[in-house]
Protein chains: 2
Amino acid sequence: MSLEIFGDRWSLLVVRDLMFGGRRTFKEFLDSGEKIATNVLAERLQRLEANGIIERRRDADDARKVNYALTKKGITLAPVLVEMIIWGARHEETAAPPEIIRRMVADRDGVVAEIRDQWKKDRSL
Amino acid sequence: MSLEIFGDRWSLLVVRDLMFGGRRTFKEFLDSGEKIATNVLAERLQRLEANGIIERRRDADDARKVNYALTKKGITLAPVLVEMIIWGARHEETAAPPEIIRRMVADRDGVVAEIRDQWKKDRSL
DNA sequence: CTGTATCCTTAGGGATACTG
DNA sequence: CAGTATCCCTAAGGATACAG
């Protein structure tokens with residue numbers, strides 16, 4: 001089963017950050033609010049890469065930097081993540097849900113389409 | 001986050017069995033293919049009940065039997081589960097996907113609606 | 001910055017026996 | 001049948017130091 005991805009808290013968070021959080025570097029993931037250890041993050045990034053969900057490339061400008069990005073396969077996770085987030089928004093008391101989440105609730109498929117378009121743009125740079 | 005549910009392999013499997021597998025008793029969950037230990041299953045059933053996802057009732061006929069069922073909140077997980085299953089079907093080589101899964105891929109919202117209707121019927125018995 | 005390498009602790013979970 | 005109760009053990013993960 002695909003539970004390797006869906007059944008894992010940390011993998012889900014990394015994909016979420018990549019998909020909606022605009023985060024792409026090791027450090028950015030680390031600073032994502034939730035406290036993840038460096039070894040754990042490294043292990044998950046490897047696993048996600050092995051599963052073809054993300055890919056890593058060195059930054060063109062700064063050779064020390066590494067950028068992670070969702071692969072074509074990875075971006076297909078959007079509908080699942082969006083559905084999870086909608087569910088969460090409906091069943092937990094969030095003071096004021098961010099704009100993006102309100103839009104998901106109102107127009108799920110529209111937001112998924114946007115996410116895909118944005119990914120294509122970023123990718124073709 | 002709702003990761004208490006989504007981030008847990010066993011919880012996901014129980015909900016799946018309840019939603020699509022027609023399983024409702026402790027023993028049926030145990031025999032679900034995946035090998036889950038009795039103590040683990042018991043713990044997850046409690047947790048899911050505490051979270052308002054499932055409810056337990058004694059069988060009307062056989063007092064020794066206990067039936068589990070999705071609550072109103074639990075059934076709202078259908079779109080998420082369906083989306084996960086569709087993703088899985090698309091990215092793993094399953095020899096011959098069961099009918100229900102083929103229907104999900106073809107008509108996601110239709111299947112979700114059916115699941116809900118079926119739940120209502122079962123519930124009003 | 002992007003990780004490895006260790007160490008150490010704990011929770012999760014398998015196996016099994018047993019109870020109401 | 002539907003769980004509890006143990007025991008035991010391993011793998012996951014937190015903390016921290018260090019390296020390329």
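All values derive from a computational prediction rather than experimental measurement. In what follows, chains carry the letters A, B, and so on, assigned in the order in which the sequence lines appear, proteins first and then strands, with residues in each chain numbered from 1.
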Checking L48(B) against S11(B) for the side-chain contact (heavy atoms from CB on, under 4.5 Å) test, could you report, in this order, the C-alpha distance in whole Å, the side-chain angles of both residues, the deciding distance, and whether it holds? CA-CA 7 Å; L48(B) 287 168; S11(B) 301; 4.3 Å; yes

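- Of the residues in residues 53-64 of chain A, those lying under 4.0 Å from DNA chain C by heavy-atom distance are R56(A), R64(A).
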Give the table of side-chain donor-acceptor pairs shorter than 3.5 Å for residues 80-90 of chain A, with sequence neighbours excluded, one pair per line with atom names and distance.
{"unit_1": "E83(A)", "atom_1": "OE1", "unit_2": "R108(A)", "atom_2": "NH1", "d": "3.2"}
{"unit_1": "W87(A)", "atom_1": "NE1", "unit_2": "H91(A)", "atom_2": "NE2", "d": "3.4"}
{"unit_1": "W87(A)", "atom_1": "NE1", "unit_2": "T76(B)", "atom_2": "OG1", "d": "2.9"}

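- Look at R9(B) and E34(B) and you find no salt bridge, because none of the NZ, NE, NH1 or NH2 atoms lies under 4.0 Å from a carboxylate O.
- For the contact set between residues 39-48 of chain A and DNA chain D, defined by any heavy atom under 4.0 Å, the members are N39(A), V40(A), R44(A).
- Between D59(A) and K65(A) no salt bridge is recorded (no basic side-chain N to carboxylate O distance below 4.0 Å).
- Look at R103(B) and D107(B) and you find no salt bridge, because none of the NZ, NE, NH1 or NH2 atoms lies under 4.0 Å from a carboxylate O.
- Between the E28(A) side chain and the T25(A) main chain, a donor and an acceptor come within less than 3.5 Å of each other.
- We find that CH2 of W10(A) is positioned 8 Å from P of dG13(D), with the value rounded to whole Å.
- Taken from CD1 in I54(A) to CG in L18(A), the straight-line distance is 6.5 Å, to the nearest 0.5 Å.
- For I36(A) and dA12(D), the CD1 to C1' distance is 12 Å, given to the nearest whole Å.
- Atom CZ of R24(A) is separated from atom CZ of F29(A) by 8.5 Å, given to the nearest 0.5 angstrom.
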Let's go through V40(A) and W10(A) carefully: what are the C-alpha distance in whole Å and the side-chain angles of both, what is the deciding distance for side-chain contact (heavy atoms from CB on, under 4.5 Å) to 0.1 Å, and is it a yes or a no? CA-CA 8 Å; V40(A) 176; W10(A) 294 125; 3.7 Å; yes

Given side-chain contact (heavy atoms from CB on, under 4.5 Å), test L13(A) with L3(B) step by step and report yes or no. CA-CA 9 Å; L13(A) 288 174; L3(B) 290 178; 3.7 Å; yes

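- For the contact set between residues 18-32 of chain B and DNA chain D, defined by any heavy atom under 4.0 Å, the members are T25(B), F26(B), K27(B).
- R47(B) and E43(B) are joined by a salt bridge, as a carboxylate oxygen and a charged side-chain nitrogen come within less than 4.0 angstrom of each other.
- The salt bridge (Lys or Arg N to Asp or Glu O under 4.0 Å) check on E55(A) picks up R57(A), R123(A), with sequence neighbours excluded.
- Electrostatic pairing of K27(B) and D31(B) counts as a salt bridge here, judged by a charged N lying under 4.0 Å from a carboxylate O.
- Contacts between chain B and DNA chain C, taken as any atom within less than 4.0 angstrom of a protein heavy atom, begin and end at dG13(C) to dT16(C).
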